[in-house]
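Below you'll find the structure, written out as structure tokens, and then a few comments.
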Amino acid sequence: MAKLLFYALGACGGCELLALEQELVSLLEDHEVYVYPLLSSPPGGSFSFDIALISGAVLNQEHQEFLRDLRARSRFLVALGTCATHGGIPALVNERRPEERFEEVYPTSFRQEVLKEGLPLPLPYVKALDELVKVDVALPGCPPDISYVLKTTQDLLKGTIPKFRWPSVCETCPYERTGKRNVRRLHRLLAGRDHPLKERCFLEQGILCLGPVTALTCVQGEPPLCLAAHMPCRGCGGPVRAKANPMLDMLNALVGNRIDWRSWPDRKLILAFAGAHGHLRPLKGPQCR
Ligand code: SF4
Ligand code: SF4
Ligand code: SF4
């Protein structure tokens with residue numbers, strides 16, 4: 001009987017809900033499963049796990065300590081969801097220096113307040129799990145499709161580490177790419193006079209779609225979820241390659257579509273889910289990369 005842990009660091013709790021999926025519950029009915037919701041603490045001491053599925057990004061020193069401790073006590077560690085693999089939404093704050101983030105909201109110095117209240121100190125930058133510990137399986141997706149979680153769990157229970165190759169969102173997109181690249185600038189969806197054509201690639205119509213640089217982790221072998229609802233991909237599946245630079249890759253995709261890169265919107269839109277690994281940093285000042 002294996003011991004599995006579902007635990008969340010800085011997260012929305014969405015990935016943790018995967019532990020309640022019926023197929024996973026059935027697969028694990030003969031095993032010991034520990035689910036610790038947000039803001040709770042995992043069992044400490046010498047208690048060890050065969051598989052730890054950890055969602056969320058690393059925001060503060062407490063997260064960092066928990067993560068290192070759980071790594072030491074787990075045979076396999078899975079980074080579950082885009083927050084854990086690439087920083088996700090929490091890493092959007094990396095665009096600002098830590099003192100700016102807090103002093104804009106709190107009347108006194110956040111550091112003083114944190115020390116006074118005994119709260120965990122925030123890290124200078126929000127991090128993905130693999131920036132601090134060894135990750136055996138990275139499962140991006142917001143949340144990942146349950147089929148990937150099932151395959152990972154089945155393989156790890158047999159002692160095998162699964163390998164995934166994510167196609168890009170474009171690969172199963174049903175929209176037509178005509179090759180006619182006569183739009184030179186990006187514009188906001190619904191901001192123009194004309195509603196975008198339903199059957200035509202968004203990028204070819206000058207609407208930002210992160211399909212070329214995003215891993216298809218929201219579904220398996222089906223039209224991507226947002227495209228099926230006639231919305232462009234926002235990149236929640238994480239970068240299509242593990243070590244990719246989504247900003248650079250998207251720049252290439254724009255140039256390939258003959259769109260003036262200077263018309264692209266706020267860089268946060270490109271890195272909204274992938275701000276860890278040093279991709280999103282303050283533009284000015286000594287920490288600028
Ligand atoms: S990856 Fe998405 S669903 Fe999972 S914790 Fe992060 S924001 Fe929530
Ligand atoms: S850029 Fe977007 S709309 Fe165009 S093919 Fe890729 S996913 Fe589909
Ligand atoms: S289409 Fe893109 S933004 Fe939408 S769910 Fe899939 S990966 Fe996420």
Side-chain angles (χ1 to χ4, degrees), residues 6-21 36-39 53-59 63 78-93 126 128-129 138-146 148-149 166-181 183 186 189 196-240 246 249-250 252-254 256-257 259 264 269-276:
F6 284 84
Y7 185 61
L9 299 170
C12 78
C15 285
E16 279 178 292
L17 293 178
L18 291 168
L20 305 178
E21 287 274 347
Y36 283 81
L38 278 173
L39 302 177
L53 297 107
I54 302 185
S55 58
V58 187
L59 274 57
H63 290 160
V78 179
L80 182 64
T82 306
C83 293
T85 58
H86 296 94
I89 294 290
L92 271 171
V93 296
V126 169
L129 305 196
L139 274 187
C142 183
D145 186 73
I146 187 64
Y148 297 118
V149 184
W166 315 110
S168 77
V169 166
C170 286
E171 283 183 46
T172 59
C173 175
Y175 294 159
E176 186 188 4
R177 276 154 286 186
T178 64
K180 291 178 191 161
R181 292 162 179 151
V183 178
L186 289 171
L189 180 65
L197 299 171
K198 282 207 167 184
E199 65 282 5
R200 178 105 185 262
C201 168
F202 280 110
L203 259 192
E204 285 193 354
Q205 300 182 72
I207 294 163
L208 186 68
C209 178
L210 300 189
V213 300
T214 301
L216 182 71
T217 51
C218 53
V219 284
Q220 198 178 32
E222 292 174 39
L225 285 182
C226 295
L227 280 302
H230 197 227
M231 289 297 289
C233 173
R234 294 302 186 201
C236 87
V240 72
D249 289 350
M250 197 60 215
N252 281 332
L254 291 181
N257 279 278
I259 292 174
W264 85 6
L269 292 183
I270 313 279
L271 293 170
F273 292 90

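As the structure lists them, so they are numbered: ligands from 1, and atoms in each ligand from 1.
- Less than 4.0 angstrom separates some heavy atom of Gly141 from each of these atoms of ligand 1: 1 (S).
- Those atoms of ligand 3 with a heavy atom of Cys218 less than 4.0 angstrom away are 5 (S), 6 (Fe), 7 (S).
- Nearest protein heavy-atom contact of atom 7 (S) of ligand 3 is Gly237 N, 3.5 Å.
- With hydrogens and angles ignored, the 3.5 Å screen pairs a side-chain donor or acceptor of Thr82 with a backbone N or O of Gly141.
- Close approach of ligand 3 to Cys226 is summarised as follows: ligand atoms under 4.0 Å from at least one heavy atom of the residue are 1 (S), 3 (S), 4 (Fe), 5 (S).
- Under 2.8 Å from atom 4 (Fe) of ligand 1 lies no N/O/S atom of Cys83, from backbone or side chain alike.
- Residue Cys233: an N/O/S atom is found under 2.8 Å from atom 2 (Fe) of ligand 3.
- Between the side chain of Gln205 and the backbone N or O of Arg200 there is at least one donor-acceptor pair closer than 3.5 Å.
- No side-chain heavy atom of Leu53 sits less than 4.5 Å from a side-chain heavy atom of Leu139.
- Shortest contact from atom 2 (Fe) of ligand 1 to any protein heavy atom: Cys142 SG, 2.3 Å.
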Between Glu204 and Thr178, does the side chain to side chain contact (heavy atoms under 4.5 Å, CB included) criterion hold? Intermediate values first, please. CA-CA 8 Å; Glu204 285 193 354; Thr178 64; 2.9 Å; yes

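- Closest to atom 3 (S) of ligand 2 among all protein heavy atoms lies Phe202 N, 3.2 Å.
- Under the 6.0 Å cut-off for aromatic ring centres, His230 and Tyr175 qualify, their centroids lying closer than that.
- The nearest heavy-atom contact from the protein to atom 4 (Fe) of ligand 2 is Cys201 SG, 2.4 Å.
- The shortest distance between side-chain heavy atoms of Trp264 and Leu269 does not fall below 4.5 Å.
- Interface of Ala11 with ligand 1, defined as ligand atoms under 4.0 Å from a residue heavy atom, comprises 5 (S).
- Residue Gly211 approaches ligand 2 through these ligand atoms, each under 4.0 Å from one of its heavy atoms: 7 (S).
- Atom numbering of ligand 1 starts at 1 in the shown order; those under 4.0 Å from a heavy atom of Gly14 are 3 (S), 8 (Fe).
- A 4.5 Å side-chain heavy-atom check between Pro144 and Cys15 finds at least one atom pair inside the cut-off.
- The Arg177 neighbourhood of ligand 2 comprises atoms 5 (S), with distances under 4.0 Å to a heavy atom of that residue.
- Remark: among candidates Cys170, Pro212, Cys173, the nearest residue to atom 8 (Fe) of ligand 2 is Cys173, based on non-hydrogen atoms.
- Atom numbering of ligand 3 starts at 1 in the shown order; those under 4.0 Å from a heavy atom of Pro224 are 1 (S).
- Residues Pro140 and Phe273 have side chains not in contact (no heavy-atom distance under 4.5 Å, counting atoms from C-beta outward).
- In this structure, Thr82 counts as a contact residue of ligand 1, since one of its heavy atoms falls inside 4.0 Å of the ligand.
- Two residues are said to be in side-chain contact when any heavy atoms from C-beta on lie closer than 4.5 Å; Pro212 and Ser168 fail this criterion.
- Contact atoms of ligand 3 toward Gly235: 3 (S) (distance under 4.0 Å to a heavy atom of the residue).
- No donor-acceptor pair closer than 3.5 Å links the side chain of Glu21 to the backbone N or O of Ile146.
- Put simply, the side chain of Arg234 does not reach to within 4.5 Å of the side chain of Cys226, judged on heavy atoms.
- Within the 4.0 Å heavy-atom criterion, neither part of Ser55 lies near ligand 1.
- Below 4.0 Å from some heavy atom of Cys12 lie the following atoms of ligand 1, by number and element: 3 (S), 5 (S), 7 (S), 8 (Fe).
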Side chain to side chain contact (heavy atoms under 4.5 Å, CB included) evaluation trace for Ile270 with Leu208: CA-CA 9 Å; Ile270 313 279; Leu208 186 68; 4.1 Å; yes

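- Here Glu204 has no heavy atoms under 4.0 Å from ligand 2, in either its backbone or its side chain.
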